[in-house]
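Ligands are counted one by one from 1 in listed order, and the atoms in each one are counted from 1 as well.
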Amino acid sequence: MADDGDLDLRSLDDQELVEQMWDDLYDGLADEITEATNILLERGWAPYKILTEALVEGMRIVGIDFRDGILFVPEVLMAANSMKSGMNILRPLLAETGAPPQGKMVIGTVKGDIHDIGKNLVSMMMEGAGFEVIDLGINNPVEKYLAALEEHKPDILGMSALLTTTMPYMKVVIDTMKEQGIRDDYKILVGGAPLNEEFAREIGADSYCRDAAVAVETAKEVMIRKNNQ
Ligand code: B1M
């Protein structure tokens, strides 16, 4: 990856800067990601465009080399932290869209799983669309989900899983909700890279959300249907 020791990020045009961000994310350079995110904002880029074209795309590249054994956990962790430094700048801007209040969602990554970037992104976009989001964080056992449902009475339960070994835990949560007779009190949306429509159907979720934008659209549809009942 590029050596950007003394590189003046402002001297780059937009495309070069975005490509430099992919490199900086790969190299785990949080300060550079912060600076570049601010530069793109100054240049009039929409927060969502920065999120998808610079940050998510950069993490996609990291994921390929992680899969292929070129990058290892410590490097990927640094990349993730750099991504979060950019997301932290964008979060308030995305939440500030002035969208009318919609519904409420409790969301968390399932037990055994500590991946949270995708979930955080979904939370940010949902907040930007006017939803109140209660984020339970990572590694959530069923009891934690149930306690949050009881406490916050949301319209939607969202669950995230990034590992093939943790995604079956979503069914544990849904089955427990069925046992307790509360399954139909909520719409359940699930997401995460290894999931698909079929899996969501099999475990008894209401919808699979491929990405954060789909999660927002699906959640809005849920609220329209609910309000028309
Ligand atoms: Co991990 N990891 N990881 N990892 N990691 C993956 C998932 C993996 C695919 C990498 C690979 O091999 N190519 C692989 C899983 C393989 C599998 O299960 N088949 C893997 C592995 C193996 C592991 C470890 C086991 C590695 C090890 O220890 N040997 C370990 C497990 C730890 C654990 O959880 N117990 C591990 C650890 C880590 C880090 C800690 C280093 C770090 C996480 C840091 C963090 O999240 N704070 C990490 C990362 C960063 C990744 C990759 C590279 C990137 C994930 C990511 O953030 N993507 C990932 C590779 C990949 O996914 N291609 C990988 C960007 C994010 C925006 O996308 O999360 O898909 P995503 O979210 C999207 C959608 O999926 C959807 O919307 C989001 C936004 O558009 N979505 C939802 C997600 N959740 C949703 C919930 C919803 C709706 C939509 O609810 C309504």
Student: Given the protein's heavy atoms, is any one of them under 4.0 Å from atom 24 (C) of ligand 1?
Tutor: no
Student: Less than 4.0 Å between atom 59 (C) of ligand 1 and some protein heavy atom, yes or no?
Tutor: no
Student: For the residue pair L41 and I89, what are the closest heavy atoms and their distance?
Tutor: CD1-CG2, 3.7 Å
Student: Apply side-chain contact (heavy atoms from CB on, under 4.5 Å) to the pair M105 and K187, showing each step before the final yes or no.
Tutor: CA-CA 9 Å; M105 177 177 78; K187 289 294 173 195; over 6 Å; no
Student: Establish whether atom 27 (C) of ligand 1 and some protein heavy atom are separated by less than 4.0 angstrom.
Tutor: yes
Student: If we set the cut-off at 4.0 Å for heavy atoms, which region of D113 has an atom near ligand 1: side chain, backbone, both, or neither?
Tutor: both
Student: What are the two closest heavy atoms between P154 and V106, and how far apart are they?
Tutor: CG-CG2, 3.7 Å
Student: Among protein heavy atoms, which lies nearest atom 67 (C) of ligand 1, and at what distance?
Tutor: L121 CD1, 3.6 Å
Student: Going by heavy-atom distance to atom 49 (C) of ligand 1, choose the closest among D65, V76, L163.
Tutor: V76
Student: Check whether any N or O atom of A212, backbone or side chain, sits under 3.5 Å from an N or O atom of ligand 1, and answer yes or no.
Tutor: yes
Student: To which protein heavy atom is atom 6 (C) of ligand 1 closest, and what is the distance rounded to 0.1 Å?
Tutor: H115 NE2, 3.9 Å
Student: Short check: is a protein heavy atom less than 4.0 Å from atom 8 (C) of ligand 1?
Tutor: no
Student: Taking distance alone, with no angle check, do T164 and ligand 1 share an N/O pair under 3.5 Å?
Tutor: yes
Student: Would the distance check show the side chain of D113 and the main-chain N or O of L162 forming a donor-acceptor pair, the cut-off being under 3.5 Å?
Tutor: yes
Student: Do D24 and Q20 have side-chain atoms, one donor and one acceptor, less than 3.5 Å apart?
Tutor: yes
Student: Identify which of L55, V216, D116 has a heavy atom lying nearest to atom 47 (N) of ligand 1.
Tutor: D116
Student: Is the contact between M159 and ligand 1 made by the side chain, the backbone, both, or neither, using heavy atoms and a 4.0 Å cut-off?
Tutor: backbone
Student: Can you confirm whether some protein heavy atom lies under 4.0 Å from atom 53 (C) of ligand 1, or whether none does?
Tutor: yes
Student: Less than 4.0 Å is my threshold; does some heavy atom of M125 fall inside it relative to ligand 1?
Tutor: no
Student: Just distances here: any N/O of G112 and N/O of ligand 1 closer than 3.5 Å?
Tutor: yes
Student: Which one of G118, G192, A80 has a non-hydrogen atom at the shortest distance from atom 75 (O) of ligand 1?
Tutor: G192
